[in-house]
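First up is the structure itself, then whatever we jot down about it.
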Amino acid sequence: MERTERGTAMTDTRKEGIFAHWPNRITAGRFVASLALFTLLAVEGVTGEPRRGALQVSFWLFIAIATTDLLDGWLARRGGQETAFGRIADPFVDKVLVLGTMIFLAVMEWSRPWFPAWIIVVVLAREFLVTGIRGYVESLGREFPADWFGKVKMTIQCLAIGFVVGQAAFVWSADLRHFWGAVAHVLVWGTLVASIGSGITYVAKTKRLLDAARAG
């Protein structure tokens, strides 16, 4: 009996894998969907007027990928299924989705006024800085989780992308198009401010952690 139970446990352990639980499956699905989104944007092309059909699909696909970020995190916490893979892959997919879409919007003729290249450079620099800081701090054996400012930044970035794509993807009256375009400009500038602000908070947090480590 004991041997049978042990054999069953070993079989269950072998069956366990990275994608044994739904949170990791959703994260992987979000990555694949991001690649599909980039394919659609590439088909859209760099020059010329936006094609509403492709942009409407891109808009709803982006919304689906962005909102399911909340779902996989909630499922992982609810089911006690937080894994090392999820902790690494989830923010990685977020960065691929947001930065990849921003880069496409920076090079396409119709969206370039909202997302000039220099803003993308600043956002990328912030991401590289925080990733380097996190890797260094965690190499010292200390945790370095995302803070509330980083989550606010991600929300503003997604809203900015959604408004820029949405105002071109759907038919609006002239007044509404002007309004949505103005809101998109505000959100893009909000993205810049939130990126710089969250980068500063991470640097300050790192200084406090390192000072505490030296004092200890």
Side-chain angles (χ1 to χ4, degrees), residues 30 33-34 37-38 40-42 44-71 73 90-131 133 146-205:
R30 292 177 63 237
S34 296
L37 171 63
F38 300 153
L40 279 171
L41 293 174
E44 170 66 19
V46 173
T47 59
E49 291 296 316
R51 289 180 291 181
R52 287 199 171 91
L55 283 182
Q56 286 172 6
V57 176
S58 299
F59 174 82
W60 291 117
L61 185 55
F62 177 83
I63 295 299
I65 301 168
T67 53
T68 49
D69 178 40
L70 302 174
L71 177 61
D90 189 59
F92 169 75
V93 173
D94 289 344
K95 289 177 175 57
V96 169
L97 171 66
V98 170
L99 295 174
T101 307
M102 283 184 179
I103 289 169
F104 272 100
L105 294 177
V107 299
M108 290 194 289
E109 189 174 307
W110 64 268
S111 55
R112 201 177 301 150
W114 284 275
F115 275 105
W118 69 268
I119 287 183
I120 314 302
V121 171
V122 173
V123 174
L124 276 169
R126 181 267 179 200
E127 298 299 339
F128 288 142
L129 174 65
V130 172
T131 299
I133 288 173
D147 61 13
W148 65 271
F149 207 161
K151 294 174 183 177
V152 168
K153 172 200 62 92
M154 173 70 177
T155 301
I156 296 174
Q157 287 175 339
C158 289
L159 287 172
I161 292 169
F163 270 85
V164 170
V165 177
Q167 59 85 30
F170 302 98
V171 178
W172 308 97
S173 66
D175 289 340
L176 274 177
R177 179 176 288 278
H178 178 74
F179 172 74
W180 294 129
V183 172
H185 275 298
V186 171
L187 287 169
V188 171
W189 280 100
T191 289
L192 179 66
V193 171
S195 295
I196 295 172
S198 65
I200 292 171
T201 62
Y202 276 117
V203 170
K205 182 197 294 187

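Hydrogens, waters and symmetry mates are skipped; everything else that's a heavy atom, side chains included, is used.
At least one side-chain heavy atom of Tyr202 sits less than 4.5 Å from a side-chain heavy atom of Lys205. In this structure the side chain of Leu159 never reaches within 4.5 angstrom of the side chain of Thr191, judged on heavy atoms. Looking at heavy atoms from C-beta onward, Val93 lies out of side-chain contact with Asp69 at the 4.5 angstrom threshold. Side-chain contact between Val98 and Asp94: absent, with no pair of heavy atoms (C-beta onward) separated by less than 4.5 Å. Residues Ile161 and Phe115 meet the side-chain proximity criterion, which asks for heavy atoms closer than 4.5 Å.
Nearest heavy-atom pair across Gln157 and Ser195 is NE2-OG, 3.6 Å. For Trp172 against Gly166, the heavy-atom pair with the smallest separation is NE1-O, 3.2 Å. Of all heavy-atom pairs spanning Ser198 and Arg126, the tightest one is OG-NE, 3.0 Å. Across all their heavy atoms, Gly190 and Ile156 have their closest contact at C-CG2, 3.7 Å. Shown here for Val107 and Arg112, the closest heavy-atom pair between the two residues is O-NH2, 2.9 Å. Summarising the geometry of Ala168 relative to Trp110, their closest heavy-atom pair is CB-CZ3, 3.4 Å, with the distance given to 0.1 Å.
Distance CZ/Phe104 to OG/Ser111: 11.0 Å, rounded to 0.5 Å. With rounding to the nearest 0.5 Å, the separation of CD1 in Ile103 from CG in Leu41 is 11.5 Å. A distance of 4.0 Å separates CD in Gln167 from CH2 in Trp114, rounded to the nearest 0.5 Å. Atoms SG and NZ, from Cys158 and Lys153 in turn, are 9.0 Å apart once rounded to the nearest 0.5 Å. Here the NZ-OG distance, from Lys95 to Ser34, works out to 13.0 Å after rounding to the nearest 0.5 Å. The structure places CZ of Phe170 at 9.0 Å from CG of Leu55, a figure rounded to the nearest 0.5 Å.
When the options Val164, Leu37, Ile65, Val96 are evaluated for a side-chain contact (heavy atoms from CB on, under 4.5 Å) with Thr101, the one that passes is Leu37.
With sequence neighbours excluded, no residue satisfies ring pair (Phe, Tyr, Trp, His ring centres under 6.0 Å) with Trp148. When the salt bridge (charged side-chain N to carboxylate O under 4.0 Å, His left out) test is applied to Lys151, no partner is found at least two apart in sequence or on another chain.
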Verdict with reasoning, Asp175 to Phe179, per side chain to side chain contact (heavy atoms under 4.5 Å, CB included):
CA-CA 6 Å; Asp175 289 340; Phe179 172 74; over 6 Å; no

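Applying the 6.0 Å contact sphere to CZ of Phe128 captures no more than 12 heavy atoms from other residues, nucleotides or ligands.
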